[in-house]
Amino acid sequence: QVQLVESGGGLVQAGGSLRLSCVASGRTFSMYPIGWFRQAPGKERELVGAISWSGGSPNYADSVKGRFTISRDNAKNTVFLQMNSLKPEDTAVYYCVAGSGWKYWGQGTQVTVSL
């Protein structure tokens, strides 16, 4: 099993930035691919972005491309989601997800972007 713990969510004004962190523990050899989903009221769950074991060419949803960046710290088994130029429509619960078929999920962290 892999355990995922997110942090970094909060309230921010439009145009601001947040960085989410996800720390993986347990069988970390199973932690890849790893990425982020989000779910907003009235919307389907959306894959925001993900990174493979190689760490190269992360994939991003069109809605966040150019604004969000996924990175990692291998020594700390931690993945980050840097969110810049935030918009109100980015408001959602963000989940760290990992493993083939997204079998591992974090508890979620709320991101709220105000006008």
Kindly state each residue pair satisfying disulfide (SG to SG under 2.5 Å) with at least one member in residues 38-80, sequence neighbours excluded.
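Output for this query is empty, none listed.
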Show me the side-chain donor-acceptor pairs of residues 104-115 shorter than 3.5 Å, one per line, residues at least two apart or across chains.
| from | atom 1 | to | atom 2 | distance (Å) |
| --- | --- | --- | --- | --- |
| W105 | NE1 | W102 | O | 2.8 |
| Q107 | OE1 | E6 | N | 3.4 |
| Q107 | NE2 | E6 | O | 3.1 |
| Q107 | NE2 | E6 | OE1 | 3.4 |
| T109 | OG1 | G9 | N | 3.3 |
| Q110 | NE2 | A92 | O | 3.4 |
| Q110 | NE2 | T112 | OG1 | 3.3 |

Provide the closest heavy-atom pair for S100 versus P33 in the form atom of the first, atom of the second, distance.
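That would be N-CD, 4.1 Å.
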Which heavy atom of C96 sits nearest to which heavy atom of V79, and what is that distance?
SG-CG1, 4.1 Å
By side chain to side chain contact (heavy atoms under 4.5 Å, CB included) - contacts of [X] (at least two apart):
| X | value |
| --- | --- |
| N59 | none |
| T28 | A24, M31, N77 |
| N74 | Y32, R72 |
| S25 | Q3 |

Pairwise salt bridge (charged side-chain N to carboxylate O under 4.0 Å, His left out) hits with a residue in residues 95-115, at least two apart
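Qualifying pairs: none.
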Derivation and outcome, side-chain contact (heavy atoms from CB on, under 4.5 Å), residues V12 and M83
CA-CA 11 Å; V12 65; M83 304 183 293; over 6 Å; no
If you round to the nearest 0.5 Å, how far is [atom2] of [Y] from [atom1] of [X]?
| X | Y | atom1 | atom2 | result |
| --- | --- | --- | --- | --- |
| L81 | Y94 | CG | OH | 7.0 Å |
| R67 | L86 | CZ | CG | 6.5 Å |
| I70 | Q82 | CD1 | CD | 12.0 Å |

Clusters formed by hydrophobic residues whose side-chain heavy atoms approach within less than 4.5 Å: which one holds V23, and what are its other members?
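Its cluster mates, by chain and number: none.
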Which residues pass the salt bridge (charged side-chain N to carboxylate O under 4.0 Å, His left out) test with R27, sequence neighbours left out?
none
Go through the structure and list residues passing salt bridge (charged side-chain N to carboxylate O under 4.0 Å, His left out) with K65, not counting sequence neighbours.
D62
What I'd like to find out is whether the side chain of T69 reaches to under 4.5 Å of the side chain of F80, using heavy atoms alone.
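A side-chain contact is absent here, since even the closest heavy-atom pair is not under 4.5 Å.
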When clusters are formed by joining ILVMFWY residues with side-chain heavy atoms under 4.5 Å apart, either directly or through shared neighbours, do W36 and L18 land in the same one?
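They do share one cluster, since a chain of ILVMFWY contacts under 4.5 Å joins W36 to L18.
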Same cluster (ILVMFWY, side-chain, under 4.5 Å), L20 and V64:
yes
Run the ring-ring contact (aromatic ring centres under 6.0 Å, His included) test against F68 and tell me which residues pass, sequence neighbours left out.
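Scan of F68 (ring-ring contact (aromatic ring centres under 6.0 Å, His included), adjacent residues dropped) gives none.
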Do any side-chain atoms of residues 44-53 form donor-acceptor pairs under 3.5 angstrom with protein atoms, and if so which ones, sequence neighbours left out?
| from | atom 1 | to | atom 2 | distance (Å) |
| --- | --- | --- | --- | --- |
| E46 | OE1 | R38 | NE | 2.9 |
| E46 | OE1 | R38 | NH2 | 3.1 |
| E46 | OE2 | S63 | OG | 3.1 |
| S52 | OG | S54 | N | 3.4 |
| S52 | OG | S54 | OG | 3.0 |

